[in-house]
Amino acid sequence: MGRGMSATELLVQAFTGAAQLPEAEQEMIAALILKEIDSERRWNQLFSESRDALVELVNEALVAHRAGKTKRLDLDKL
């Protein structure tokens, strides 16, 4: 966190600073924060819902790797 502050202290400082801005800017900041919170919830939900599928894909990749069916990715050849 910034300058030795806890997350809560930093958030309080951010809200205090935002509260001093003109109303239009406060609305914009609030909209951005709410959009970010909603996005985070959606990602968490999607990952939660797809957990079994992701585990299955990981297991398939490991089986293929152990069977020698994979090769090291050469980033210079992409």
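Any value given below was found using the heavy atoms of this structure, including those in side chains, with hydrogens, waters and symmetry copies removed.
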Partners passing side-chain contact (heavy atoms from CB on, under 4.5 Å) against K71 (at least two apart in sequence or in another chain): none

Contacts of Q26 that satisfy side-chain contact (heavy atoms from CB on, under 4.5 Å) - sequence neighbours left out: L21

Set of side chain to side chain donor-acceptor pair (under 3.5 Å) partners for T70, sequence neighbours left out: H65

Test item: T16 and Q13 side chains (from C-beta on) under 4.5 Å apart, heavy atoms: no

Cluster companions of L75 among Ile, Leu, Val, Met, Phe, Trp, Tyr (side-chain spacing under 4.5 Å): L73, L78

Qualifying salt bridge (charged side-chain N to carboxylate O under 4.0 Å, His left out) pairs, either residue in residues 19-32, two or more places apart: none

F15 with M28, same ILVMFWY side-chain cluster at under 4.5 Å: no

ILVMFWY cluster membership beyond F47 - transitive side-chain contacts under 4.5 angstrom: W43, L54

Donor-acceptor contact below 3.5 Å, side chain E9 vs main chain S6: yes

I'd like a table of donor-acceptor pairs (distance under 3.5 Å, sequence neighbours excluded) in which one partner is a side-chain atom from residues 56-63, with atom names and distances.
residue: N59; atom: ND2; partner: V55; partner atom: O; Å: 3.3

E49: side chain to side chain donor-acceptor pair (under 3.5 Å) partners, not counting sequence neighbours: Q45

Under 3.5 Å, sequence neighbours excluded: what are the donor-acceptor pairs made by side chains of residues 31-42?
residue: D38; atom: OD2; partner: R42; partner atom: NH1; Å: 2.5

